[in-house]
Undergrad: 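Got a structure for you, written out below as structure tokens; questions coming shortly.
Heavy-atom basis, side chains included; hydrogens, waters and symmetry copies ignored. Counting starts at 1 for both ligands and their atoms, in listed order.
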Amino acid sequence: MSARGLFITMEGGEGVGKSTNLDFLERLFKDNGVEIVTTREPGGTRLGEDIRELLLRVRDEPVHAVTELLLLFAARAQHIAELIEPALADGKWVLSDRFTDATYAYQCGGRGVDRAVVEQLENLVQGTLRPDYTLLLDAPVDVGMTRARNRGELDRIEQETMAFFERVRQGYLQQTQTQGDRYRIIDAGQPLVDVQKGLTAFGNEVLARWTQSRAEL
Ligand code: T5A
């Protein structure tokens, strides 16, 4: 039986470079012989992608914070059952563009949802599943939003205020204080080449720890 795989998540505010850098990290791991599945939240499954479309479409009616929260966790439940858990059980690594840290940052930090509510949903939907490592790409809000705007039309959440995104950024930074050593923070305001030096160091650290833990079995 193969050992359970690693669950790695990439987080950060709008336009910090998650998609760009997810591809870079996937390549680094694959080049080192890791079987890896990349995915994203909200999304990752057919049902999850439908929920993503519902969540991000610009609407002419307000979306209640609890409605948004429950849709996110509905997509997550499907994602875990259909994709994440089977892949990890099969010994594959899973690299996800966002996971529950985004909920703490956006819904708690940004929208003001009580953390205790999210903790309850996290326990209900995830059981004991938590990421093994989380890479936080951190950049000033105006840097990320300029990149996002240059890329094209803004979705429903991207149309929030700068104050909202500042709370999201602080929400992420607060998260890194809460859960031990699983976080690595990279300054994503730097040129891409420097961000990717940080990613390479992160990837090599994870690979070295993994090899060591296998040797100790
Ligand atoms: N959400 C999600 C919640 O509210 N709660 C939750 O629980 C979850 C899971 C999802 C939305 O859902 C919300 C958060 C989001 O609003 P998304 O697509 O995952 O949407 O998130 P976005 O932040 O919208 O993703 P983006 O695709 O906009 O941004 P990325 O992936 O961070 O950035 P990327 O790689 O597309 O890069 C943006 C541009 O910047 C350039 C890239 O080439 C690209 O053009 N770039 C750089 N340029 C210069 N220097 C660098 N270092 C650069 N890095 C990237």
Side-chain angles (χ1 to χ4, degrees), residues 9-26 38-45 48-59 63-80 83-84 95-113 115 117-119 121-122 125-126 131 134-162 164-169 171-172 175 185-200:
T9 57
M10 187 165 308
E11 296 280 1
E14 307 295 319
V16 291
K18 293 177 303 303
S19 311
T20 311
N21 290 309
L22 201 87
D23 292 347
F24 181 88
L25 207 50
E26 178 188 21
T38 57
T39 186
R40 68 174 181 179
E41 287 214 348
T45 65
E49 291 294 327
D50 285 351
I51 295 174
R52 177 188 179 92
E53 202 277 324
L54 267 181
L55 276 162
L56 299 186
R57 189 197 314 157
V58 177
R59 312 184 71 87
V63 176
H64 192 276
V66 176
T67 311
E68 183 177 86
L69 178 69
L70 294 176
L71 283 170
L72 284 159
F73 269 105
R76 187 162 296 143
Q78 187 71 19
H79 195 198
I80 292 168
L83 188 147
I84 297 175
L95 177 57
S96 184
D97 185 341
R98 298 191 187 277
F99 194 63
T100 307
D101 286 309
T103 314
Y104 283 104
Y106 281 79
Q107 279 60 52
C108 299
R111 304 252 187 255
V113 172
R115 283 184 65 89
V117 173
V118 174
E119 279 163 10
L121 288 168
E122 184 179 33
V125 168
Q126 296 172 217
T134 296
L135 193 62
L136 174 60
L137 298 179
D138 178 60
V141 170
D142 56 335
V143 171
M145 286 312 292
T146 303
R147 289 181 192 159
R149 277 195 204 99
N150 287 341
R151 217 193 24 205
E153 271 183 36
L154 300 181
D155 64 36
R156 185 180 65 84
I157 296 179
E158 286 168 341
Q159 292 184 4
E160 283 293 341
T161 61
M162 295 298 269
F164 174 90
F165 292 118
E166 193 51 57
R167 292 196 300 277
V168 168
R169 184 182 186 201
Y172 269 128
Q175 270 300 96
I185 306 177
I186 290 186
D187 175 1
Q190 309 174 87
L192 196 54
V193 64
D194 295 317
V195 173
Q196 293 186 337
K197 276 185 200 152
L199 286 172
T200 302

Undergrad: Have Y106 and E68 got a donor and an acceptor in their side chains that come within less than 3.5 Å?
TA: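 No donor-acceptor contact under 3.5 Å links the two side chains.
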
Undergrad: Ignoring hydrogens, what is the shortest heavy-atom contact between P131 and F99? Give both atom names and the distance.
TA: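 Smallest heavy-atom distance, with atoms named: CG-CD2, 4.1 Å.
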
Undergrad: Where is the tightest heavy-atom contact between A188 and V16, given as atom of each residue plus distance?
TA: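 Residues A188 and V16, closest heavy atoms: CB-O, 3.5 Å.
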
Undergrad: Could you point out which residue of D138, D101, I185 forms a side-chain contact (heavy atoms from CB on, under 4.5 Å) with E11?
TA: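 Exactly one candidate clears the test, D101.
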
Undergrad: In Å, rounded to the nearest 0.5 Å, how long is the span from OH of Y104 to CD of E119?
TA: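 Answer rounded to 0.5 Å: 4.5 Å.
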
Undergrad: Looking at F164, I'd like to know if the NZ or CZ of R167 sits under 6.0 Å from its six-membered ring centre while staying within 45 degrees of the ring's axis.
TA: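 Geometry flag: not set, cation outside 6.0 Å or 45°.
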
Undergrad: Near ligand 1, which protein residues have a heavy atom under 4.0 Å away?
TA: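 Only G13, E14, G15, V16, G17, K18, S19, T20, E41, P42, R52, L56, L72, R76, R98, A102, T103, Y106, Q107, R147, R151, I157, E158, A188, Q190, P191, L192, V195 have heavy atoms that fall under 4.0 Å of ligand 1, ordered by chain and number.
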
